[in-house]
Amino acid sequence: MLDIIIVGAGTAGLSAAIYGLRAGKSVLLFDGSSYGGQIVNTPDIENYPGIKHISGYDFATGLYQQAKDLGAELRIEKVLSIEDLGQTKKVRTTGGEYEARAVILATGARNRELGLPNEKALVGRGLSYCATCDGMFFRNRIVAVNGGGNTAVEDAFFLSNYVKKVYLIHRRDGFRAAEKDLERLRKRENVEFILNTTISALKENEGGLSALELKDKEGAERELPVDGLFVAIGQSPDNAAFSSLVELDEKGYIVAGEDCLTKTAGIFAAGDGRTKAVRQLATAAADGAVAALAAASYLDAEPR
Ligand code: NAP
């Protein structure tokens, strides 16, 4: 019987694996796509204590390698449901059924969509949610980034290195992004800020996305021709499958405090997928450690 199943191999999940293994517990990780989670797509990390600069990909790969070297196994299977059998939990995935004595939900969050009618159809035809993955396709072309958080501002800076022009479109004139990164972006000559403005429609031709219809806060509309759009308007959680085991808040985040405990004994929540004030790489890693050590204590206290 496995000790701990971890759902999600992002920063929180991999950190939990490292702490769980080092506490002498057996650990199996599941992720629907790959290791690394959201941070894989971040071009530059400059706020993780102890590391002055690293790419998201290198950070995630290092974390994965560290967990793997300790004996962690990652299976690329999506977790469909979890059943609480008391002292064990049955986890059903796209690959089969597994049982463990404790489960850590490190499900993170996925990219929020604009909700425009032809948005999904334009993915890969001019629209992307990942500047580091797809930015190179737009070398010397005109692109827009939508959003006002760290992701949008970092993406706009990254793209400005090789595209002809970047429009940063944000619905307010205040930013959530770090001031230092904003200052750096404002100095770029090929970057133009379009504030107090939302994207109301996506125009396309046979080649894909061709222009954005913009609406400012006075309601005035205009068309902005672009070759590409990078949507960076935040994330939303994906926890509906676990709603009978854990409490979800109105936005779908798992209700859990800094101790990472949920309402079900033996089920823990770590990282961006739980209710919390600060969603950062450092807090995701911290959650992984807290949840794994809480799971280890739970396992040591529970008779087999
Ligand atoms: P975020 O901080 O949640 O920002 C999302 C942005 O999109 C906000 O500016 C928001 O506007 C805007 N927005 C939300 N819904 C929208 C909609 N429907 N239409 C138009 N605009 C919309 O998301 P994020 O930038 O992806 O960052 C997520 C978390 O990861 C944050 O905690 C961030 O600090 C962290 N992060 C850290 C790093 C790093 O440390 N290097 C890098 C990337 C991300 P309002 O401001 O008006 O709400």
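This is a predicted model, so every value here is computed, not measured. Atoms within a ligand are numbered from 1 in the order they appear, just like the ligands themselves.
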Open item on the list: For atom 24 (P) of ligand 1, what's the nearest protein heavy-atom neighbour? Residue, atom name and distance, please.
Closed with: Thr151 OG1, 3.2 Å
Open item on the list: Between the side chains of Lys276 and Asp287, is the shortest nitrogen-to-carboxylate-oxygen separation below 4.0 Å, so that they form an ion pair?
Closed with: yes
Open item on the list: Would Glu46 count as being in polar contact with ligand 1, using the rule that some N or O on each side must be under 3.5 angstrom apart?
Closed with: no
TODO: Might you work through the side chain to side chain contact (heavy atoms under 4.5 Å, CB included) test for Phe242 and Thr107, ending with a clear yes or no?
DONE: CA-CA 10 Å; Phe242 316 119; Thr107 47; 3.7 Å; yes
Open item on the list: Checking a contact table here: which protein heavy atom is nearest atom 40 (O) of ligand 1, and how many Å away?
Closed with: Asn47 ND2, 2.6 Å
Open item on the list: With respect to Gln38, determine whether any N or O atom, backbone or side chain, lies less than 3.5 Å from an N or O atom of ligand 1.
Closed with: no
- [ ] With rounding to the nearest 0.5 Å, note down the distance linking OG1 in Thr11 to CD in Gln38.
- [x] 8.5 Å
Task: Ion pair check, Asp300 and Lys25, cut-off under 4.0 Å - done: yes
Task: Minimum non-hydrogen distance to atom 31 (C) of ligand 1, winning option of Lys276, Arg112, His170, Arg279 - done: Arg279
TODO: Could you check atom 47 (O) of ligand 1 against the protein and tell me its nearest heavy-atom contact, residue, atom and distance included?
DONE: Arg172 NE, 2.6 Å
- [ ] Enumerate the atoms of ligand 1 whose separation from the nearest heavy atom of Glu154 is less than 4.0 angstrom.
- [x] 38 (C), 39 (C), 41 (N), 42 (C)
Task: From the candidates Ala277, Gly149, Ala177, Gly234, the one that places a heavy atom nearest atom 23 (O) of ligand 1 - done: Gly234
- [ ] Check ligand 1 against Gln280 and write out every atom of the ligand that is under 4.0 Å from a heavy-atom position of the residue.
- [x] 32 (O), 33 (C), 34 (O), 35 (C), 37 (C), 40 (O)
Open item on the list: Using a 3.5 Å cut-off on N or O atoms only, is Gly147 in polar contact with ligand 1?
Closed with: no
- [ ] Look at the side-chain heavy atoms of Ile, Leu, Val, Met, Phe, Trp and Tyr, link any pair under 4.5 Å apart, and say whether Phe138 and Leu122 land in one connected group.
- [x] no
Open item on the list: To check your reading of the model: name the closest protein heavy atom to atom 36 (N) of ligand 1, its residue, and the distance in Å.
Closed with: Asn150 CB, 3.9 Å
- [ ] Just need the protein heavy atom nearest to atom 17 (C) of ligand 1, so name the residue and atom and give the distance.
- [x] Arg171 NH1, 3.5 Å
TODO: Return the residue, atom name and 0.1 Å-rounded distance of the protein heavy atom closest to atom 8 (C) of ligand 1.
DONE: Arg176 NE, 3.5 Å
TODO: Look only at interatomic distance and state if Thr42 has a nitrogen or oxygen under 3.5 Å from any nitrogen or oxygen of ligand 1.
DONE: no
Task: Partner of Phe193 by side chain to side chain contact (heavy atoms under 4.5 Å, CB included), out of Leu168, Asp173, Ile169 - done: Leu168
Open item on the list: With no hydrogens and no angle check, just 3.5 Å: does a side-chain donor-acceptor pair link Asn161 and Arg188?
Closed with: yes
Open item on the list: List ligand 1 atoms under 4.0 Å from Gln235, heavy atoms only on the residue side.
Closed with: 26 (O), 28 (C)
Open item on the list: Looking at Arg186 and Glu179, is any side-chain nitrogen of the basic one under 4.0 Å from a carboxylate oxygen of the acidic one?
Closed with: yes
Task: Presence of salt bridge, Glu83 and Arg92, under 4.0 angstrom - done: no
TODO: Could you tell me whether a side-chain N or O of Asn239 sits under 3.5 Å from a main-chain N or O of Tyr253, the two making a donor and an acceptor?
DONE: no
Open item on the list: Give the atom numbers and elements of ligand 1 that come within less than 4.0 Å of a heavy atom of Gly148.
Closed with: 6 (C), 7 (O), 8 (C), 9 (O)
Task: Nearest-neighbour protein heavy atom for atom 18 (N) of ligand 1, which is reported as residue plus atom name and distance - done: Ile233 CD1, 3.8 Å
TODO: Please state whether the rings of Phe268 and Tyr298 are parallel, tilted or perpendicular, taking 30° and 60° as the class boundaries.
DONE: perpendicular
